[in-house]
Chemist: 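Sharing a structure with you now.
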Amino acid sequence: MTQLNQRRRGNRLENAIYDTTYTLLSQYGLDQVTFSRVATAAATSRSVLYRYWDSTFDLIFHTIIHQIQKTPIALTTTPLDTGSLRTDLILLAQRFIQQTSTGPFRYFRLLFATAMNAQNQRDLTQLVTQIDHANLTLIEPLLTNAQNHGELQIWPNQAAQLVLFQQLRYCDIINQPMNTDQQLTNLIDQVVLPALRASGVANRHFHH
């Protein structure tokens with residue numbers, strides 16, 4: 001068997017193990033995922049699992065990352081343009097919460113609990129960076145519309161653009177998600193909009 005074929009076979013096995021682990025996690029919960037159960041369900045051996053992952057937590061950690069990376073972050077089937085940046089942000093936040101409470105994103109909090117070593121933490125940091133880039137693409141059309149409507153005079157910097165998503169993610173991680181419209185409205189009015197309007201990219205008054 002050539003090295004390329006071995007690598008392809010290895011990738012298929014790894015993906016199958018991730019899919020099996022995710023199925024077990026979804027059906028039975030964290031405590032019921034063991035190397036023995038995964039090996040049996042994936043038709044492989046525990047020794048193979050130990051070759052790839054140090055522990056069950058390590059396997060679960062990378063399974064969640066794998067599933068999140070497979071899942072596109074696409075919150076809007078139609079563009080948000082109500083004519084009001086405030087309303088658009090509230091709708092975006094509602095859709096963001098709806099999506100991140102389902103599928104692999106609902107295990108995001110678990111990533112922080114299972115990041116047991118430095119490599120896990122580096123992988124988590126890399127994932128957050130990827131998610132941040134995806135979130136920037138979600139908010140950009142809203143900001144472009146707001147600028148066209150005259151609601152924004154300068155283009156907000158990247159940190160300000162990510163405030164909404166980071167605040168929602170933080171609340172989820174500490175297990176205090178924003179479940180009410182009033183909580184979301186307060187977040188938009190008191191934190192997000194002020195941040196967007198107060199920050200700007202130097203010498204960049206129009207976005208192209």
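What's counted below: heavy atoms across the whole structure, side chains too, no hydrogens, waters or symmetry copies.
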Chemist: State, yes or no, whether a side-chain contact exists between Leu136 and Phe165 at a heavy-atom distance under 4.5 Å.
Modeler: no

Chemist: Give every residue pair that meets the salt bridge (charged side-chain N to carboxylate O under 4.0 Å, His left out) criterion with at least one member in residues 142-166, sequence neighbours excluded.
Modeler: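 Counting only pairs at least two positions apart or across chains, no salt bridge (charged side-chain N to carboxylate O under 4.0 Å, His left out) contact touches residues 142-166.
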
Chemist: Which distance, rounded to the nearest 0.5 Å, do you find between the CD1 of Ile68 and the CG of Leu111?
Modeler: 5.0 Å

Chemist: Pairs of donor and acceptor atoms involving the side chains of residues 34-42, under 3.5 Å and at least two apart or interchain, shall be tabulated with distances.
Modeler:
residue, atom, partner, partner atom, Å
Thr34, OG1, Arg37, N, 3.1
Arg37, NH1, Gln32, O, 3.2
Thr40, OG1, Ser36, O, 3.0

Chemist: Could you list the residues that satisfy side chain to side chain contact (heavy atoms under 4.5 Å, CB included) with Thr180, not counting sequence neighbours?
Modeler: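 Side chain to side chain contact (heavy atoms under 4.5 Å, CB included) list for Thr180, sorted by chain: Gln182, Gln183.
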
Chemist: Who are the side chain to side chain contact (heavy atoms under 4.5 Å, CB included) partners of Asn148, not counting sequence neighbours?
Modeler: Thr144

Chemist: What residue pairs, at least two apart or across chains, pass side chain to side chain donor-acceptor pair (under 3.5 Å) with a residue in residues 165-177?
Modeler: Arg109-Asp172, Arg109-Asn175, Asp132-Arg169

Chemist: For Phe112, what residues pass the ring pair (Phe, Tyr, Trp, His ring centres under 6.0 Å) criterion, not counting sequence neighbours?
Modeler: Phe108

Chemist: Using the test salt bridge (Lys or Arg N to Asp or Glu O under 4.0 Å), find all partners of Arg197 that sit at least two apart in sequence or belong to another chain.
Modeler: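 Once residues adjacent in sequence are excluded, Arg197 has no partner under the salt bridge (Lys or Arg N to Asp or Glu O under 4.0 Å) criterion.
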
Chemist: Using the side chain to side chain donor-acceptor pair (under 3.5 Å) criterion, which residues pair with Ser47? Sequence neighbours excluded.
Modeler: Ser45

Chemist: Which residues satisfy the side chain to side chain donor-acceptor pair (under 3.5 Å) test with His62, sequence neighbours excluded?
Modeler: Asp58, Asp123

Chemist: Name the residue from Asn135, Leu142, Val192, Ile188 that meets the side chain to side chain contact (heavy atoms under 4.5 Å, CB included) definition with Leu92.
Modeler: Leu142

Chemist: What residues form a side chain to side chain contact (heavy atoms under 4.5 Å, CB included) with Thr23, not counting sequence neighbours?
Modeler: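 Side chain to side chain contact (heavy atoms under 4.5 Å, CB included) check on Thr23 returns Gln27.
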
Chemist: Using only atom types and a distance under 3.5 Å, with no angle test, would you say the side chain of Gln161 pairs donor to acceptor with the backbone of Glu140?
Modeler: no

Chemist: Does Ser84 have any side chain to side chain donor-acceptor pair (under 3.5 Å) partners at least two apart in sequence or in another chain, and if so, which?
Modeler: Thr87

Chemist: Any donor-acceptor pair under 3.5 Å linking the side-chain atoms of Arg95 with those of Gln98?
Modeler: no

Chemist: Walk me through whether Val191 and Asn186 qualify under side-chain contact (heavy atoms from CB on, under 4.5 Å).
Modeler: CA-CA 8 Å; Val191 179; Asn186 289 342; over 6 Å; no

Chemist: Using a 3.5 Å distance criterion without hydrogens, assess whether the side chain of Asp88 forms a donor-acceptor pair with backbone atoms of Thr82.
Modeler: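 Answer holds: yes.
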
Chemist: Sequence neighbours left out, what passes side chain to side chain contact (heavy atoms under 4.5 Å, CB included) with Gln94? Give chain and number order.
Modeler: Ile90, Leu91, Asp181, Leu184

Chemist: Can you name the closest pair of heavy atoms from Glu14 and Tyr52 and give their distance?
Modeler: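 So the two residues come closest at OE1-CE2, 4.0 Å.
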
Chemist: Just so I know, are the side chains of Thr129 and His133 near enough to count as touching, which here means a heavy-atom distance under 4.5 Å?
Modeler: yes

Chemist: Any side-chain heavy atom of Thr100 within less than 4.5 Å of one from Arg106?
Modeler: no

Chemist: Phe61 and Ala115: which non-hydrogen atoms are nearest, and at how many Å?
Modeler: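 Here Phe61 and Ala115 meet closest at CE1-CB, 3.8 Å.
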
